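To start, the structure under review is shown below, and the notes come after it.
This one's a predicted model, so the numbers in the text were calculated from it and none came from an experiment.
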Amino acid sequence: MTALKNDRFLRALLKQPVDVTPVWMMRQAGRYLPEYRASRASAGDFMSLCKNPQFACEVTLQPLDRYPLDAAILFSDILTIPDAMGQGLYFETGEGPRFRKTVSTLADIEALPIPDAQQDLGYVMDAVSTIRRELNGRVPLIGFAGSPWTLATYMVEGGSSKDFRKSKAMLYDNPQAMHLLLDKLAQSVTSYLNGQILAGAQAVQIFDSWGGSLSSAAYQEFSLAYMRKIVSGLIRENDGRKVPVIVFTKGGGLWLESIADIGADTLGLDWTCDIGEARQRVGSKVSLQGNMDPTVLYARPEAIRQEVARILASYGSGTGHVFNLGHGITPEVDPANAGAFIEAVHELSAQYHV
């Protein structure tokens, strides 16, 4: 494989020295970019964009052609695994993801297959290898998957939910069924992420988008335990380098110490945590990723710069910080403001790495 020209992202994840704090953005290939909207229109719809490796590569590279980002992230969707399990994923305009089938009983869950990463999700592996080849060592490529709990909520609810009523009812009423579903999903995610690593992903992230909806006890039993299982089963070295693992629970600020204990290299933070306090709480066990409020990008460039400076100062000197938003960039952001954000991170962070 081609040598990396810019490896500061991987170095920071592993708490190795860097010249400036690396930065990337969750959902950096997305609807805020006019070139993405043009590609999606050419593809026809979102799933056609995801399932065509050339289109997936094109939109993955678009933000890198615009900004000096320190990592690329595979363009895909967390719900590819439930789709491969036969749930029938589709997208309603303005409504988000939907499934044609849901699971509500133990029998439904027992009937679910565990997808084969190469056979059933080969289009994702093809996208990873295509992107890695086209990157040609510019920056590392991040692979990703949804957490078992997050995927389970979509499969039980049939789509997005504000209160997770059906998922939580199953969790409390029929924990045997929910544990079986989560176990199947954990096996599927492990296989899927390992497939991405073997195809060329140089770091992987687990997105636990809805873990923060759970009570503390339920989070430990029904979300964190399954992410621990995944982390323990991942390939951690490939192509002569370590493959760092990032775990991100949105709303997970109460459980940072527990998340830091599951064996991942990096803990992703949403914007509700103070990153300096988080660093004190987890010590040297993991590196940190985050954590600017995405809506700061609606402000003037000078205000964006001030917030970047505040977060950098809160983290303080030394490596182990990958700058990111506390969740994904939103569609209405002016691309120029995203550029001002990335520029500010690189410029203002140099003083912390002397």
Fill in the blank from the handout: Heavy atoms of Pro331 and Arg31 approach each other most closely as CG-NH2, 3.3 Å
Problem - Parallel, tilted or perpendicular: rings of Trp271 and His327 (30°, 60°) - result: tilted
Problem - For the student: nearest non-hydrogen atoms of Thr249 and Gly212, plus distance - result: CG2-N, 3.9 Å
Completion exercise
Partner of Leu13 under side-chain contact (heavy atoms from CB on, under 4.5 Å), picked from Val245, Val322, Val243, Leu288, is Val322
Fill in the blank from the handout: Output for pair (Leu33 CG, Tyr67 OH), nearest 0.5 Å, gives 5.0 Å
Problem - Counterpart residues, side-chain contact (heavy atoms from CB on, under 4.5 Å), relative to Leu14 (two or more places apart) - result: Gln16, Lys242, Pro244, Asp265
Problem - Candidate pair Glu35 and Glu58, rule side chain to side chain contact (heavy atoms under 4.5 Å, CB included), full reasoning - result: CA-CA 10 Å; Glu35 53 267 42; Glu58 180 179 299; over 6 Å; no
Practice task
Give a yes-or-no answer on whether the side chains of Tyr192 and Thr80 include a donor-acceptor pair shorter than 3.5 Å.
Solution key: yes
Handout entry: Stepwise side chain to side chain contact (heavy atoms under 4.5 Å, CB included) check, Tyr226 with Ser147
Key = CA-CA 8 Å; Tyr226 290 95; Ser147 73; over 6 Å; no
Exercise for the section: Please determine which of Asp270, Leu269, Thr272 meets the side-chain contact (heavy atoms from CB on, under 4.5 Å) test together with Lys250. Expected result: Asp270
Completion exercise
Here the gap from Met227 atom CE to Asp208 atom CG, rounded to the nearest 0.5 Å, amounts to 4.0 Å
Completion exercise
OG (Ser188) and CG (Leu182) are apart, to the nearest 0.5 Å, by 11.0 Å
Exercise for the section: Taking the side chain as every heavy atom from C-beta outward, state whether Phe55 and Arg40 have any atom pair closer than 4.5 Å. Expected result: no
Exercise for the section: Could you tell me whether the side chains of Thr105 and Asp108 share a donor-acceptor contact shorter than 3.5 Å? Expected result: yes
Exercise for the section: Indicate the atoms forming the closest heavy-atom contact of Ser314 with Gly276, along with that distance. Expected result: OG-N, 3.0 Å
Problem - Any side-chain donor near an acceptor of the partner, Thr21 and Tyr315, under 3.5 Å - result: no
Practice task
Give the C-alpha distance, both sets of side-chain angles, the deciding distance and a yes or no for side chain to side chain contact (heavy atoms under 4.5 Å, CB included) between Met26 and Trp24.
Solution key: CA-CA 7 Å; Met26 289 185 273; Trp24 67 282; 3.8 Å; yes
Problem - Same apolar cluster (I L V M F W Y, side chains within < 4.5 Å links), Tyr90/Met155 - result: no
Practice task
Please examine the side chains of Glu277 and Leu256, heavy atoms only from C-beta on, and report whether any two atoms are closer than 4.5 Å.
Solution key: no
Exercise for the section: Establish, yes or no, whether a centroid distance under 6.0 Å links the rings of Phe207 and Phe144. Expected result: yes
Exercise for the section: Take Arg279 and Ile275, measure what side chain to side chain contact (heavy atoms under 4.5 Å, CB included) needs, and give me the verdict at the end. Expected result: CA-CA 6 Å; Arg279 189 182 188 186; Ile275 198 166; 5.8 Å; no
Handout entry: Inter-residue atom distance Asp261.CG - Arg228.CZ, 0.5 Å rounding
Key = 6.5 Å
Exercise for the section: Show your reasoning for whether salt bridge (Lys or Arg N to Asp or Glu O under 4.0 Å) applies to Arg281 and Glu257. Expected result: CA-CA 7 Å; Arg281 286 170 61 186; Glu257 294 87 349; 2.9 Å; yes
Exercise for the section: Can you label the angle between the Phe164 ring and the Trp149 ring as parallel, tilted or perpendicular, going by 30° and 60°? Expected result: tilted
Exercise for the section: Indicate the atoms forming the closest heavy-atom contact of Val282 with Ala260, along with that distance. Expected result: CG1-CB, 3.9 Å
Run the side-chain donor-acceptor check on residues 199-206: report pairs under 3.5 Å with partners two or more places apart or on a different chain.
{"from": "Gln202", "atom 1": "OE1", "to": "Leu141", "atom 2": "N", "distance (Å)": "2.9"}
{"from": "Gln205", "atom 1": "OE1", "to": "Gln289", "atom 2": "NE2", "distance (Å)": "3.0"}

Practice task
Assign the ring pair Phe75 / Tyr36 to parallel, tilted or perpendicular, where the plane angle (0 to 90°) is split at 30° and 60°.
Solution key: tilted
Practice task
For the residue pair Ile311 and His321, establish whether any side-chain heavy-atom pair is separated by less than 4.5 Å.
Solution key: yes
Fill in the blank from the handout: So CD of Glu307 and CG of Leu312: to nearest 0.5 Å the spacing works out to 10.0 Å
Fill in the blank from the handout: Note: Gly211 and Tyr219 closest approach over all heavy atoms is O-CD1, 3.5 Å
Problem - Near-ring test Phe323/Phe341, centroid separation under 6.0 angstrom - result: yes
Handout entry: Lys162 atom NZ, neighbour heavy-atom count above 12 within 6.0 Å
Key = no
Exercise for the section: Treat each ILVMFWY residue as a node, draw an edge where side-chain heavy atoms are under 4.5 Å apart, and state whether Val20 and Phe9 are in one component. Expected result: no
Problem - Exercise: do Thr319 and His353 side chains pair donor with acceptor under 3.5 Å - result: no
Fill in the blank from the handout: With Asp83 as partner, the option from Lys51, Arg100, Lys101 fulfilling salt bridge (Lys or Arg N to Asp or Glu O under 4.0 Å) is Lys51
Problem - Common cluster, Ile78/Ile81, ILVMFWY with side-chain heavy-atom separation under 4.5 Å - result: yes
Problem - Residue pair Val59 / Ser39: nearest heavy atoms and the distance that separates them - result: CG1-CB, 3.6 Å
Practice task
Show your reasoning for whether salt bridge (Lys or Arg N to Asp or Glu O under 4.0 Å) applies to Arg11 and Asp19.
Solution key: CA-CA 10 Å; Arg11 293 178 66 82; Asp19 54 341; over 6 Å; no
